[in-house]
Amino acid sequence: MDGFARNLLHWFDGHGRTQLPWRRERSAYRVWLSEIMLQQTQVATVIPYYERFLVRFPDVRALAAAQLNEVLALWAGLGYYARGRNLHRCAQVVVRAHGGEFPREIDVLTALPGIGRSTAGAILAFSCEQRHPILDGNVRRVLSRYHAVEGPPTARAVEGRLWELAALHTPAARVADYTQAIMDLGAMVCTRARPHCRSCPLAMDCRAHHDGAVDRYPGSRARRQAPVRSRCFLIVRRDSGHILLEARPPTGLWGGLWSLPETDTCAAAETWCAAHALPVRRSTSWEVMRHTFSHFHLDMHPLLLEIETSPQAVMDADRWLWYKDGDAIEVGLPAPVRRLLDRLDAQGSPETPDDPHRALRKTRQDR
DNA sequence: TAAACGTGGCA
DNA sequence: TTGCCAAGTTT
């Protein structure tokens, strides 16, 4: 064990996070579930989802036996829904092809849906003390500072060097503690902004700290300008308060979730209603709501359509659903759609803005 | 290989 | 307000 790991473990024994839910019982199933949820997602966000999943799906067989729709409904709000779809697929593969036990070989594990190199390493390190490196945002930050690794983290050479360093430092003994320790250090001490180098157990040998250039690492990644997509979302409401939902395609944005019917423009929405024989009694265009994703801005143009009761159109239960909050239906709603419906409940029929630009400003101030 | 994939926290 | 990014993987 090198000095890096020794100092880190010593710090961990006094300062490590011990209260995380997935640290209590380290079955492969629980470690796997937590690792998938934690991909690109902050710890505080994951905790309530993790607890709910464990109650509903106490083991991998329960998860494999569930409907994808229910899994995605429980996943709704976490984001990156391919993780939810892969989670379900992976559970079924584990049950069908591996007798309900997660494989202990890293190559077999990595071949499972949703499990890459880092997640596979974490599962084996935490659940059975196998010596494998991980490379997440924390480890990337700690190592790139400690060794003053230059360059954008996505660059191939940088990526390879960081994996190399991660493998070099990972000890044979106490692998689980070490893996937790380096993530805890990244989350609590070697933070992105204003790291606490005074209380860092590695500061003595940290090249970035020695050079007084901690904020140069990791290097910044190149960003593209986010394009703007403009879409019209139909809030088709019946007198009973039920809202028409449409099943989204199984892949892509919000894949597998339910959302409001979507068209390019509000004008197209009228065509859409005619095509589906929806007798519209009143329509009200709402203020523009801009939602920013990782790669683009979505300008949502909500259009409220109040319709006569019991339309005969839109009857395909696989694709369409009349939904009212409180129904005992498993529905996964994307967060922006959820917010839209919440606002509708809160203020009833929204008023038509007379100035779209003012409306946009107003919306953005609300957020 | 680069782009796609959600959401929320923070400075 | 805006940009960055968090327990990354897939195509």
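Reminder, nothing fancy here: chain letters follow the sequence lines and each chain counts from 1.
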**Asked** Would you call A:Asp325 and A:Arg338 a salt bridge, taking side-chain N to carboxylate O under 4.0 Å as the test?
**Response** yes
**Pair A:His276 + A:Trp320: ring centers closer than 6.0 Å** = yes
**Asked** For A:Asp215, what residues pass the side chain to side chain contact (heavy atoms under 4.5 Å, CB included) criterion, not counting sequence neighbours?
**Response** none
**Prompt:** Do A:Phe53 and A:Tyr50 have their ring centres less than 6.0 Å from each other?
**Reply:** no
**Request:** Identify, between A:Gly114 and A:Arg23, the residue whose nearest nucleotide on DNA chain C lies closer to the 5' end.
**Result:** A:Arg23
**Request:** Using a strict cut-off of less than 4.0 Å between a Lys/Arg side-chain nitrogen and an Asp/Glu carboxylate oxygen, indicate whether A:Asp184 and A:Arg23 qualify as a salt bridge.
**Result:** no
**Request:** Assign each of A:Ile134 and A:Thr110 to its nearest nucleotide of DNA chain C by heavy atoms, then name whichever residue's nucleotide is nearer the 5' end.
**Result:** A:Ile134
**Prompt:** For atom P, what is the distance between B:dA3 and C:dC4, given to the nearest Å?
**Reply:** 16 Å
**Item:** Sub-4.0 Å heavy-atom contacts from residues 69-84 of chain A onto DNA chain B, ordered by number
**Value:** A:Gly77, A:Leu78, A:Gly79, A:Tyr80, A:Tyr81
Report all side-chain donor-acceptor pairs from residues 35-44 of chain A shorter than 3.5 Å, counting only partners two or more places apart or in another chain.
from	atom 1	to	atom 2	distance (Å)
A:Gln39	NE2	A:Gly114	O	3.3
A:Gln39	NE2	A:Thr119	OG1	3.0
A:Thr41	OG1	A:Met37	O	3.4
A:Thr41	OG1	A:Gln39	O	2.8
A:Thr41	OG1	A:Arg83	NH1	3.0
A:Thr41	OG1	A:Arg83	NH2	3.3

**Message:** Nearest heavy atom decides the nucleotide; on that basis, is A:Ala335 or A:Thr154 closer to the 5' end of DNA chain B?
**Reply:** A:Thr154
**Prompt:** Would a distance-only check, ignoring hydrogens and angles, find a side-chain to backbone donor-acceptor pair under 3.5 Å from A:Tyr49 to A:Ala76?
**Reply:** yes
**Message:** For DNA chain B, which residues of residues 28-45 of chain A approach it to below 4.0 angstrom with any heavy atom?
**Reply:** A:Gln40, A:Thr41, A:Gln42
**Message:** I need the residues from residues 171-199 of chain A with at least one non-hydrogen atom less than 4.0 Å from DNA chain B; give them sorted by number, or say none.
**Reply:** A:Arg192
**Contacts of A:Pro171 that satisfy side chain to side chain contact (heavy atoms under 4.5 Å, CB included) - sequence neighbours left out** = A:Met1, A:Ala5, A:Tyr178
**Request:** Mind calculating the distance between CZ (A:Phe293) and P (C:dC4) to the nearest angstrom?
**Result:** 19 Å
**Asked** What interatomic distance, in whole Å, is found between P of C:dT9 and the corresponding atom of B:dG8?
**Response** 22 Å
**Request:** Please list, by residue number, the residues of residues 135-148 of chain A whose heavy atoms come closer than 4.0 Å to an atom of DNA chain C; answer none if no residue qualifies.
**Result:** A:Asp136, A:Gly137, A:Asn138, A:Arg141
Side-chain polar contacts of residues 58-66 of chain A - donor-acceptor pairs under 3.5 angstrom, sequence neighbours left out - could you list them?
from	atom 1	to	atom 2	distance (Å)
A:Asp59	OD1	A:Arg61	N	3.1
A:Asp59	OD1	A:Ala62	N	2.9
A:Arg61	NH2	A:Gly99	O	2.9

**Asked** Just by modelled atom types, is the A:Tyr217 backbone N or O under 3.5 Å from a matching donor or acceptor in the A:Arg145 side chain?
**Response** yes
**Asked** When the aromatic ring centroids of A:Tyr323 and A:Trp258 are compared, is their separation below 6.0 Å?
**Response** no
**Request:** Give the first and the last nucleotide of DNA chain B, reading 5' to 3', that has any atom under 4.0 Å from a heavy atom of chain A.
**Result:** B:dT1 to B:dG9
**Request:** Just grab all the ring pair (Phe, Tyr, Trp, His ring centres under 6.0 Å) pairs involving residues 90-122 of chain A, residues at least two apart or on different chains.
**Result:** A:Trp32-A:Phe102
**Item:** Atom-to-atom span, CG of A:Leu162 to P of C:dG8 - whole angstrom
**Value:** 13 Å
**Item:** Pairs flagged by salt bridge (charged side-chain N to carboxylate O under 4.0 Å, His left out) wherever residues 122-141 of chain A is involved - sequence neighbours left out
**Value:** A:Arg140-A:Glu159
**Item:** P-based separation of C:dA7 from B:dA11 [nearest Å]
**Value:** 14 Å
Name every donor-acceptor pair, under 3.5 Å, that has one atom in a side chain of residues 195-202 of chain A and the other anywhere in the protein, sequence neighbours excluded.
from	atom 1	to	atom 2	distance (Å)
A:His196	ND1	A:Met188	O	3.4
A:Ser199	OG	A:His196	O	3.3

**Prompt:** Does any N or O in the side chain of A:Ser144 come within less than 3.5 Å of the main-chain N or O of A:Val149, such that one atom is a donor and the other an acceptor?
**Reply:** no
